[in-house]
> 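Let me begin by handing over the structure; questions about it come next.
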Amino acid sequence: MEALQVIFQSILDMGAAVFLPIVIFIIGLVVGLKPGKAVSAGLTLGVALTGINLVISYMSETVGVAAQSFVENTGVQLTALDMGWAPALGLCWSWKYAFVMFPVQIGINVLMLVLGWTKTLNVDMWNVANKIFTAFIVSSVTGNSIIGFAVAVAQIVLELKNADATKNQITELTGVPGVSMPHPMFLSNIFFYPFARLLDKIPFFRNELNAQTLKQKIGIFGENHVLGFIVGTIVGLVGGQGVGALLTGVQAGTALTLFPMVSKLFMTALTPISDAANEFIKKKFPGREMVIGLDWPILAGNPEIWVAIIFTIPVALIVSMVLPGNTTLPFGNLMNVCVCAAAFVACKGNMLKMIVTSWIMVPILCWSASDFAPMLTELAVSTGSADILVEGQQLAWWGMDIAEIRWMIVEALRGNVVGFGVLAAFIALAVYYFKSQKKEEQEAAVRMGWTAEEN
Amino acid sequence: MKTIIVACGGGIATSATTAAKINGRLEDMGLAGKAKAEAVDIKSLDMFISNADLYVSVTPMARGQQEYPIPTVSGIPFLTGIGADQAMQQIVELLKL
């Protein structure tokens with residue numbers, strides 16, 4: 001028994017890259033995978049996590065060092081480097097209670113289906129990490145993981161409710177029936193939708209731009225290696241590297257190109273397991289009317305989203321340098337989908353409204369990222385090794401999903417009166433939002449020529 | 001070896017999920033050595049599509065049709081689970097596996 005304990009403890013001590021593959025292997029066996037596939041899935045996850053650490057470390061040694069000379073040269077305190085959503089959500093899996101979120105999300109979803117509280121079966125397993133992130137941040141702030149999970153549960157419920165409340169509109173936008181979108185980013189529409197309605201009152205915002213043409217002209221700036229090169233070169237130049245800035249540019253492009261390559265291994269590992277779990281659920285509820293909840297990218301074909309994102313990049317870089325209280329240099333997440341894809345739905349694809357929404361969000365994204373950076377840094381250091389980051393540097397996630405909502409919760413839990421104020425406004429707007437969606441859904445159904453009872 | 005590509009917003013989550021499902025099915029059908037699905041970033045789709053044999057699209061649009069230079073199959077059935085067998089059959093036929 002004692003020997004077992006020693007083995008168990010030493011495995012835990014080796015960190016998530018060793019521990020998680022074992023957890024995945026066991027879960028894999030439980031849901032009925034063949035042992036070989038379960039081993040492969042587990043190891044792939046370990047490889048993904050180690051790969052992410054490797055690229056973070058590379059980013060820190062190259063772009064991070066350039067950013068430090070940038071700080072020295074300009075006096076602008078950008079000490080936290082934004083790594084982007086994929087490594088940030090990947091890192092979440094190394095939080096000690098991360099895996100509990102799997103059964104929690106599936107359990108709540110099934111319970112709500114049984115009780116008839118939702119029609120959505122959320123099959124998007126990548127974004128379980130988005131609930132882990134919420135629980136992790138809240139737990140770090142309050143020192144109580146029960147509160148962390150309670151907030152995550154509220155997020156799961158709201159996500160499913162919002163997916164139900166907007167499914168006709170999603171079908172109208174994509175042409176795919178029977179799907180909905182429980183991604184957390186669409187909860188931001190509780191703020192964005194009333195704002196978009198407000199903008200409707202200004203005639204200027206009734207103009208429609210041709211997104212397809214614009215995207216063909218500026219789309220190249222959105223490619224990871226090109227964007228990374230440009231930002232890296234700028235940081236290097238301001239950092240006083242001279243011609244050497246070009247090397248920082250290429251290195252920055254390398255980091256942004258490699259992050260997706262290692263991050264996608266997460267889904268390679270988790271897909272067989274989520275498949276088995278979903279089969280199980282569908283078998284238990286035959287004949288029940290279910291809408292399948294998917295991740296946001298089924299909207300990614302719309303050029304408006306990409307154009308609005310690219311138009312936000314210069315604003316994000318400039319604001320980050322002049323905004324008091326900001327310490328985050330937006331980098332890995334400059335192609336910030338979380339605001340623009342949500343705003344795409346709230347603004348019904350009107351690009352001018354999307355761009356204004358996205359610009360207004362920039363300071364909030366900066367402040368929330370800077371606030372959460374020390375916690376993320378600690379998590380990164382705890383998974384890899386202590387020397388994963390260059391001395392004096394922090395990791396951040398600029399442009400995280402529902403930044404304003406997460407920050408509001410954290411501030412309220414810290415007892416900040418502003419946090420409570422925003423929370424009260426959020427609740428009032430949520431009532432208005434969900435009420436308005438009923439009308440929007442009805443109108444979408446009519447436009448699609450569905451009969452009244454189908455919605 | 002034929003290359004199937006799937007693109008999503010970042011080439012990380014939705015596309016990797018779809019690619020994993022297609023690869024799983026290829027393996028079950030004993031075709032793993034003949035074709036392989038890969039997840040790519042939609043922002044760099046032009047770069048990847050020229051070297052691929054088949055495009056699996058998970059980004060349908062109700063308005064504004066997209067045209068691709070290679071045969072294209074909808075990947076949505078793999079995500080929802082509805083009609084996935086037919087979609088897989090379509091892939092096998094288009095690639096003449």
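Numbered from 1 within each chain, the chains take letters A, B, ... in sequence-line order. None of these values were measured; they are calculated from a predicted model.
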> Specify which of A:Gly219, A:Pro260, A:Gly175 makes the most heavy-atom pairs with chain B at under 4.5 Å.
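Ranked by heavy-atom pairs under 4.5 Å with chain B, first place is A:Pro260.
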
> Can you find a pair of side-chain heavy atoms, one from B:Thr14 and one from A:Trp296, that are under 4.5 Å apart?
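With C-beta onward as the side chain, the pair stays apart.
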
> How about CD1 on A:Ile220, more than 12 heavy atoms from neighbouring residues, nucleotides or ligands closer than 6.0 Å, or not?
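Check fails, neighbour count at 12 or below.
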
> Does anything in residues 43-58 of chain B reach chain A? List residues with heavy atoms under 4.5 Å apart, or say none.
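Only B:Lys43, B:Ser44, B:Met47, B:Val58 of residues 43-58 of chain B have a heavy atom under 4.5 Å from chain A.
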
> Within the side chain of A:Lys264, is there an N or O that forms a donor-acceptor pair under 3.5 Å with the backbone of B:Ala13?
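Such a contact is absent between A:Lys264 side chain and B:Ala13 backbone.
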
> What part of B:Leu79 lies closer than 4.5 angstrom to a heavy atom of chain A: side chain, backbone, both or neither?
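For B:Leu79, heavy atoms of backbone and side chain both lie under 4.5 Å from chain A.
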
> Is chain A contacted by the side chain of B:Glu27, its backbone, both, or neither, given a heavy-atom distance below 4.5 Å?
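Answer is side chain: those atoms of B:Glu27 sit under 4.5 Å from chain A.
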
> Could you tell me whether A:Lys34 and B:Asp28 make a salt bridge, using a distance below 4.0 angstrom between a side-chain N and a carboxylate O?
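B:Asp28 and A:Lys34: not salt-bridged.
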
> Which one wins on heavy-atom pair count under 4.5 Å against chain A: B:Val40, B:Ile82, B:Thr80?
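Among the listed options, the one with the most contacts to chain A is B:Thr80.
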
> With chain A as the partner, which of B:Cys8, B:Ala20, B:Gly9 has the greatest number of non-hydrogen pairs under 4.5 Å?
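Of the options given, most contacts go to B:Gly9.
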
> Between B:Thr59 and A:Leu299, is any pair of side-chain heavy atoms under 4.5 Å apart?
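Heavy-atom side-chain distance check fails, nothing below 4.5 Å.
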
> Measuring heavy-atom distances to chain B, does A:Lys37 have an atom under 4.5 Å in its side chain, in its backbone, in both, or in neither?
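Answer is side chain: those atoms of A:Lys37 sit under 4.5 Å from chain B.
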
> Would B:Ile12 and A:Phe266 count as a side chain to side chain contact (heavy atoms under 4.5 Å, CB included) here? Give the steps.
CA-CA 8 Å; B:Ile12 295 165; A:Phe266 269 93; over 6 Å; no

> Among the options A:Thr268, A:Asp124, A:Asp275, pick out the one with the most heavy-atom pairs lying under 4.5 Å from chain B.
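Looking at each of A:Thr268, A:Asp124, A:Asp275 in turn, A:Asp275 comes out on top.
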
> Nearest 0.5 Å, what's the CD-CG distance between A:Glu223 and B:Asp41?
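Result: 8.0 Å between the selected atoms.
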
> State whether the number of non-hydrogen atoms from other residues, nucleotides or ligands found under 6.0 Å of B:Lys36 atom NZ is greater than 12.
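Counting neighbours around NZ of B:Lys36, 12 or fewer heavy atoms of other residues, nucleotides or ligands fall under 6.0 Å, so no.
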
> With a 4.5 angstrom heavy-atom cut-off, could you sort out which part of A:Val337 is near chain B: side chain, backbone, both or neither?
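Neither part, no heavy atoms under 4.5 Å.
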
> With only heavy atoms counted, which part of A:Met335 is less than 4.5 Å from chain B, the side chain, the backbone, both or neither?
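For A:Met335, the side chain is the part near chain B, not the backbone.
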
> Show, in sequence, the C-alpha distance, side-chain angles and deciding distance for B:Met61 and A:Thr174, and conclude whether the side chain to side chain contact (heavy atoms under 4.5 Å, CB included) test is met.
CA-CA 5 Å; B:Met61 282 161 72; A:Thr174 59; over 6 Å; no

> Can you tell me how far the CD1 atom of B:Ile22 sits from the OG1 atom of A:Thr271, to the nearest 0.5 Å?
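With rounding to 0.5 Å, CD1 (B:Ile22) is 11.0 Å from OG1 (A:Thr271).
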
> Out of B:Pro60, B:Ser74, B:Ala16, which one racks up the most heavy-atom pairs below 4.5 Å with chain A?
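With the most close heavy-atom pairs to chain A, the winner is B:Pro60.
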
